[in-house]
Number of protein chains: 2
Amino acid sequence: MTLQYALLGFLNYGPMTGYDLKKLLDTSTQMFWHAELSQIYPQLKKMEKEGLVTVMCEPQAGKPDRKYYTITPHGRAVLLQWLSEPLDEVLPDKDPVLLHLFFAGALNKQVILSQLRLQLELRRAYLSRVEGEVAGFIQETIRVTGQKRDGLFWELIRRYGAEQTRTSIAWLEEAIQLIEKELS
Amino acid sequence: MTLQYALLGFLNYGPMTGYDLKKLLDTSTQMFWHAELSQIYPQLKKMEKEGLVTVMCEPQAGKPDRKYYTITPHGRAVLLQWLSEPLDEVLPDKDPVLLHLFFAGALNKQVILSQLRLQLELRRAYLSRVEGEVAGFIQETIRVTGQKRDGLFWELIRRYGAEQTRTSIAWLEEAIQLIEKELS
DNA sequence: CAAGGCATGTAAATCGTTACATGATTTA
DNA sequence: TAAATCATGTAACGATTTACATGCCTTG
């Protein structure tokens, strides 16, 4: 169901194909939402049947037609309805890395340390991407589209990701030190 | 597949029933992993067929038998194998709250602010639970079970949750101020 | 006396991933 | 010339949720 709202959210900016939507999911929301084409295409079909979007085919030579989906007034109403719902969830609920760590006591010190060091590396790399590329991409998108109001939220979310990652990094550094000292 | 490792991880402490495992998932790992009984029971059955666990039935009057599952040497090997794998994931990948916020530009200022204020409230409540109840529960569990080594990881994960939540809170406070000032 | 805990499950539906299929064009 | 991009999809499988089913015992 949530994927539906993600698609409606993007279609609210203008008509697009499933392929276009996939690219937007990959470049804009991949840190907190994504989907495969094999999920997107059937979802769009379902949304059309429910009157949330309409389709227009643009023939192409040698390729399948581009199928442009346009959000309907009803689709827009459904999107706004969802967006207006109170944000009453507390946390994203599955994190395999933490589950891993929860049982890590069964491993020896060196294996655990190398796992944590890999995480540290990955998160540092991620942070530098968020502070570099991602920040630039958002500014560029705001410049090109003139979406200042929406851009405020994009930038806010980017900063959230950066702050969470910084916190992870600091925690990993401490955890590594602690384990080096305290664990036998 | 991950649920399997969660169950093996707990069964590695000793034989248990599906019902017991559900309670452990609810009290110990609910912040980063959980499952319903309707998923746990079939999963255990499957694990038995694969030789990861064995079952022993303890008859009860008026209730279904308690079915105790015991981890096998093979099960332990499979668990250790999984635990030893490098932690190469970067982030938990779906967060409906962020997706919501990503499209929040379509809403009016007051609705957005009340949504963010609700999030702030929820995260503050969550933090106080993590710093209170949860911390106490971990200390108590370490005291009762004598699992000092494992307890180190439980406490580390708890602190991770607390730090991430503190970061969320600070970010939400800033975001609310910014939106109050900058947004029309 | 109703609600919740104990203890087991099954069935149906939804959500999501991976693999497969086509076929032209562009890039390395 | 191999791989990636464009553009559509289907099929099979696996993961997860929700609803249903039983029946006793304990707590409010």
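Numbers restart at 1 for each chain; the letters A, B, ... are given by sequence-line order, proteins then strands.
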Rounded to whole Å, how long is the line connecting atom [atom1] of [X] with atom [atom2] of [N]?
X: B:Q60; N: C:dG5; atom1: CD; atom2: P; answer: 17 Å
X: B:K67; N: C:dA7; atom1: NZ; atom2: C1'; answer: 11 Å
X: B:M47; N: D:dG14; atom1: CE; atom2: P; answer: 16 Å
X: B:R66; N: C:dA7; atom1: CZ; atom2: P; answer: 4 Å
X: A:L37; N: D:dC6; atom1: CG; atom2: C1'; answer: 11 Å
X: B:L21; N: C:dC6; atom1: CG; atom2: C1'; answer: 15 Å
X: A:K46; N: C:dT14; atom1: NZ; atom2: C1'; answer: 8 Å
X: B:D20; N: C:dG9; atom1: CG; atom2: C1'; answer: 16 Å

Handout entry: Inter-axis angle, terminal five-pair segments of the helix from C:dC1-D:dG28 to C:dA28-D:dT1 [nearest 10°]
Key =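 So the angle between the two local helix axes works out to 50°.
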Problem - Heavy-atom side-chain proximity of B:K94 to A:K94 below 4.5 angstrom - result: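 Counting from C-beta outward, B:K94 and A:K94 never come under 4.5 Å.
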Exercise for the section: Would you indicate, yes or no, if D:dC6 has its OP1 or OP2 atom less than 4.0 angstrom from a side-chain nitrogen or oxygen of A:Y19? Expected result: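 Indeed, a polar side-chain atom of A:Y19 lies that close.
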Exercise for the section: Give a yes/no answer on whether the side chain of B:Y41 brings an N or O atom under 4.0 Å of OP1 or OP2 in C:dT8. Expected result: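 For B:Y41, the contact criterion (side-chain N or O under 4.0 Å from OP1 or OP2 of C:dT8) is met.
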Quick check on the hydrophobic clustering: are [X] and [Y] connected, directly or via other members, by side-chain heavy-atom contacts under 4.5 Å?
X: A:W82; Y: B:L107; answer: yes
X: B:V90; Y: A:L127; answer: no
X: A:L91; Y: B:W171; answer: no

Practice task
Give one of base, sugar-phosphate or nothing for A:K45, where a contact means two heavy atoms less than 4.0 Å apart.
Solution key: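 Sugar-phosphate, backbone atoms only, no base.
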Handout entry: Exam field: side chain A:R158 to backbone A:V130, donor-acceptor pair closer than 3.5 Å
Key =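 Pair found, side chain donor or acceptor close to backbone of A:V130.
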Handout entry: N/O donor-acceptor pair under 3.5 Å between A:T72 side chain and A:L52 backbone
Key =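 Checked: pair present.
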Problem - Contact pattern, 5' to 3', of nucleotides 16-28 of chain D - B, S or - by protein heavy atom under 4.0 Å - result: SBBB---BS----
Which atom pair, heavy atoms only, marks the closest approach of [X] to [Y]?
X: B:I138; Y: B:E155; result: CG2-OE1, 4.1 Å
X: A:L118; Y: B:P86; result: CD2-CB, 3.6 Å
X: A:S28; Y: B:F102; result: CB-CZ, 3.8 Å

